[in-house]
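Since we're looking at a predicted model, the values are computed, not measured. Start at 1 and go down the list; that is how both ligands and their atoms are numbered.
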Amino acid sequence: MIEKKREVMADGRAQIYMDHAATTELLPEVHEAMEPYLTEEYGNASTSYDLGKRNRKAIEDARSCIADVIDADSSEIYFTSGGSESDNWAIKNIAGAHKKKGQHIITSAIEHHAVLRSCEYLEELGYKITYLDVDEYGLVDVKELTDSIREDTILITIMTGNNEIGTLEPIGRIGQLARQRGIVFHTDAVQAVGQIPLSMSRLPVDLLSASAHKFHGPKGVGFLYVNKEQELPSFIHGGSQERGKRAGTENVAGIVGMAKALQIAACEMPYTRSRLIRLRNYFCERVLHEIPGSRLNGHPVKRLPGNLNFSFDGVDATSLLILMEEQGICASAGSACNTGQTRISHVIEAIHVPEEYAPGSVRFTMGRDTTKDMVDAVILSLRQNVAALRG
Ligand SMILES: *Cc1c(COP(=O)(O)O)cnc(C)c1O
């Protein structure tokens, strides 16, 4: 493996990156795999000479590599520019394709903005959207979901793992219900792909969104899985790329990098996943024990391996993050899309975090490079800074 240089701050101390849900570092092996397609292998994959055909092959190899990892067929993988595009494509175009059958869509109150804003856009066009409440752990209630299904329900879109509080939704049961009722089921699995095992041959999922930069791949590339039984209209009209459904000359380097990153994530998953769960539980127990007035947000066990979201009574998250950053620690308050706004995130609101705690909600997300030493340093920093802000 290629030696990785450690991030060091100006004063020589190591940087501790605790924001893997926002994005992850490109792996050197991934960079290496991408490199030829940024330089000498510049051919257009749609051309007939070798320079182009080598790119076509690289794209199709990447497609089958990704399909293998998630137990799908190559023909079910469509390359996109990332998670947001995959969500937009799935939701808007399923809505469009099924509008004669009905115009009702079910989602949850804690989805990523790429899902929520797509639904709001459809609402403006006359669609009816049900935003399901979640319980105190952020779980969608399958019984409530069942009750909200109507004659004209055409799509259910519920995320696999929440990006803020890490809660894993019961997508197997939701998908089963959707199949029984003949409703299309889409899941935003951007936080879950590469973190937990997902098998498309076993899960009753019709469409699934993923993004490379959340699993140590490059930014600006992702994929949408579309079950072969599913008819999905074209999203970008133009050339015949992606079987005519998503036109535009392919981001070959990005696609190759994404496949490499997912392959590595899948290989390491059995080890990394259990290691991160142990580290997460250690981190969580220590914080809840050692810092009075702290609480864990999200489900205690049904959560993404590396995700922790805490709230601290009487503390302002923005101030806490500034103090922690001075000590080299990168973490987030709510989702990265909300930075610059001090308002409480829609997810923290939806799980009814008590008023005194809600403004003090901070997310720590760990990854393959996170060590116990780093966690210890973060806990020490939290203890000092939470106390300082309260005093
Ligand atoms: C990051 C994220 C997205 C957006 O993905 P991009 O590739 O950044 O567009 C969508 N959904 C979830 C759950 C995410 O965490």
S.K.: Where is the nearest protein heavy atom to atom 3 (C) of ligand 1: which residue, which atom, and how far?
M.R.: H112 NE2, 3.4 Å
S.K.: Looking at N297, N309, D19, which one forms a side chain to side chain donor-acceptor pair (under 3.5 Å) with R363?
M.R.: D19
S.K.: Just which atoms of ligand 1 are under 4.0 Å from any heavy atom in G82?
M.R.: 7 (O)
S.K.: Under 3.5 Å, is there a donor-acceptor pair between the S381 and Q384 side chains?
M.R.: no
S.K.: Relative to the heavy atoms of H213, which atoms of ligand 1 are at a distance of less than 4.0 Å?
M.R.: 6 (P), 7 (O), 8 (O)
S.K.: Between Q191 and T160 (side chain of the first, backbone of the second, donor and acceptor by atom type, cut-off under 3.5 Å), is there such a pair?
M.R.: no
S.K.: Could you tell me whether N163 and ligand 1 have an N or O pair separated by under 3.5 Å?
M.R.: no
S.K.: At a non-hydrogen distance cut-off of under 4.0 Å, which region of A114 contacts ligand 1 (side chain, backbone, both, or neither)?
M.R.: neither
S.K.: Do H186 and L155 make a side-chain contact, defined as non-hydrogen atoms from C-beta onward lying under 4.5 Å apart?
M.R.: yes
S.K.: Can a donor-acceptor pair be found between the side chains of Y121 and R117 at a distance below 3.5 Å?
M.R.: no
S.K.: Would you say the rings of F364 and F283 are close, in the sense that their centroids are separated by under 6.0 Å?
M.R.: yes
S.K.: Given the ring of Y78, does R243 sit roughly above its face, with NZ or CZ under 6.0 Å from the centre of the six-membered ring and within 45° of the axis?
M.R.: yes
S.K.: Closest non-hydrogen protein atom to atom 4 (C) of ligand 1, residue and atom name please, with distance?
M.R.: S84 OG, 3.6 Å
S.K.: Polar-atom distance check: S211 versus ligand 1, any N or O pair below 3.5 Å?
M.R.: yes
S.K.: Can you tell me if Y137 has over 12 outside heavy atoms packed within less than 6.0 Å of its OH?
M.R.: no
S.K.: Closest non-hydrogen protein atom to atom 6 (P) of ligand 1, residue and atom name please, with distance?
M.R.: G83 N, 3.5 Å
S.K.: So which of I110, T365, D188 gets nearest to atom 13 (C) of ligand 1, if we judge by its closest heavy atom?
M.R.: D188
S.K.: Considering distance alone, does some N or O of A21 sit under 3.5 Å from an N or O of ligand 1?
M.R.: no
S.K.: From the options K219, E85, K214, select the one whose nearest heavy atom is closest to atom 14 (C) of ligand 1.
M.R.: K214
